[in-house]
Amino acid sequence: MTRYTADHEWIRLEGGIATVGISNHAQEELGDITYIELPTVGQTLKHGDTLGVVESVKAASDIFAPAGGTVATVNTALEDAPETINAAAESDGWICTLTGVDPTELADLMTPSQYAEFCKD
Amino acid sequence: MVEFGGWDMPLQYAGVLAEHARVRTAAGLFDTSHMDAFWIEGRGSLDALSRVLTQDLRTLAVGACRYGFLLNEEAGVRDDLIIYRMGKHAWMPVVNAGTAHADFAWMEQQLAGSDCKISDLRNSQCKIDLQGPETMTLLADALGIDATGLRRFRWMRASFDGHDCIISRTGYTGEDGIELYAEPRAVEAAWLALTAAGVQPCGLGARDTLRLEAGFPLYGHELDTSTSPAEANLMRYCQKDEPFIGRKALLRRAAKPAELLVPFRLEGRQTARHGQTVKRADGTPIGRVTSGSYGPTVGQAIGFAYVTPDAAAPGTQWFIDNGRALLPATVATLPFLKKEGR
């Protein structure tokens with residue numbers, strides 16, 4: 001199940017590991033992405049902590065942790081190819097994985113259909 | 001769409017990077033009708049305009065155009081502009097959108113009492129810029145105009161499909177290219193013919209990354225009324241042996257500039273942005289960033305900053321505080337983009 005935040009991150013919890021990225025809507029709004037600052041493996045984050053920074057030709061935006069957890073892996077391929085986020089924000093453009101995520105924290109986030117509705121506004 | 005100089009402007013059509021690449025490798029088309037042009041005509045125009053602009057107008061031939069500034073008494077830049085000599089006693093300055101109204105009022109005031117008239121071409125003329133290595137081919141194919149004999153900073157009259165236009169070999173991208181001036185309906189026809197021929201429409205985003213890589217200043221960023229061509233390292237556009245408004249102050253500021261505009265490169269892709277502070281390693285502030293972006297063709301983050309003169313030599317290293325980290329930067333030389341064969 002994929003869930004979305006009002007800040008346009010997505011999180012997908014599968015087998016105790018949560019994968020995090022920015023939404024397709026977010027990459028469309030940002031335009032061509034030219035740089036990403038990834039979190040550090042082992043870093044512990046609380047819900048809402050700054051997890052990284054994404055820069056496009058238009059602007060720089062903070063990425064916030066959609067839930068608390070510990071950074072298990074980061075998508076280092078994005079450092080040389082941040083445009084992958086434009087091409088596949090919600091698959092190959094994932095930013096990091098988190099362990100120790102409390103599934104109840106995801107209950108407050110939006111479902112894909114709720115998020116699609118949210119982005120219309 | 002974004003607001004720019006009082007106009008709703010497209011930031012991008014196909015994406016900034018795609019548009020940027022098309023201009024560097026083929027051709028792109030910019031709607032620059034937000035910019036304004038004035039028409040000044042009369043026997044007193046040469047003397048009157050020479051007092052108002054930094055360009056040496058006496059050596060500017062009919063058929064040529066030249067870059068320079070409109071300064072205030074303190075040598076602050078009211079605007080940067082290209083002036084076209086349209087006839088012995090006829091001139092067309094082309095100015096920025098955001099400053100156009102103030103420029104017109106200022107010039108009207110300064111030219112009052114001279115034997116010349118100034119009018120605003122806002123409602124009668126538009127402009128598009130065709131830029132890129134394929135400019136001349138596309139101009140011939142889509143509009144049937146042969147401008148291959150036109151030299152840089154020269155203009156010519158031409159026509160296509162019954163429309164008259166003015167074409168100058170100028171631009172704001174660092175590539176070969178032209179600017180086309182005509183009445184609005186003719187410009188629309190030219191736009192449609194060129195895009196139908198496959199030219200990529202480009203927005204303000206690519207216009208900014210292209211001009212930055214080419215090392216051109218942008219009014220409101222590198223230039224404003226608090227800065228003069230002395231600090232902006234643009235004194236070469238103010239060389240003439242006759243008085244003009246702001247000259248005294250300009251020479252004083254050039255003798256002892258408080259700050260200097262320098263191009264810089266960052267180490268990687270992370271960019272610095274307008275308004276961020278330049279610091280020494282020990283945290284002492286020494287300047288401010290005026291423009292910054294990832295340079296798509298250069299392949300790294302680049303920008304402009306005003307820094308204290310002791311920190312302005314090429315190769316000098318300092319840091320840019322982006323609010324989260326100190327990004328290491330090095331003073332560069334222009335142009336950022338070094339092309340083979342240039």
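This is a predicted model, so every value here is computed, not measured. In the text below, chain A, chain B and the rest are named by the order of the sequence lines, each starting its count at 1.
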Please report all inter-chain donor-acceptor pairs (under 3.5 Å) between chain A and chain B, with distances to 0.1 Å.
residue: A:Asp32; atom: OD2; partner: B:Val16; partner atom: N; Å: 3.0
residue: A:Asp32; atom: OD2; partner: B:Leu17; partner atom: N; Å: 2.6
residue: A:Thr34; atom: O; partner: B:Arg269; partner atom: NH1; Å: 2.7
residue: A:Tyr35; atom: OH; partner: B:Gln270; partner atom: OE1; Å: 3.0
residue: A:Glu55; atom: OE1; partner: B:Thr271; partner atom: N; Å: 2.8
residue: A:Glu55; atom: OE1; partner: B:Thr271; partner atom: OG1; Å: 2.8
residue: A:Ser56; atom: O; partner: B:Arg273; partner atom: NH2; Å: 3.0

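The part of B:Ala18 that comes within reach of chain A is its backbone (N, CA, C, O), which places non-hydrogen atoms under 4.5 angstrom from that chain.
Shown here is B:Leu11, whose CG atom has more than 12 heavy atoms of other residues, nucleotides or ligands within 6.0 Å.
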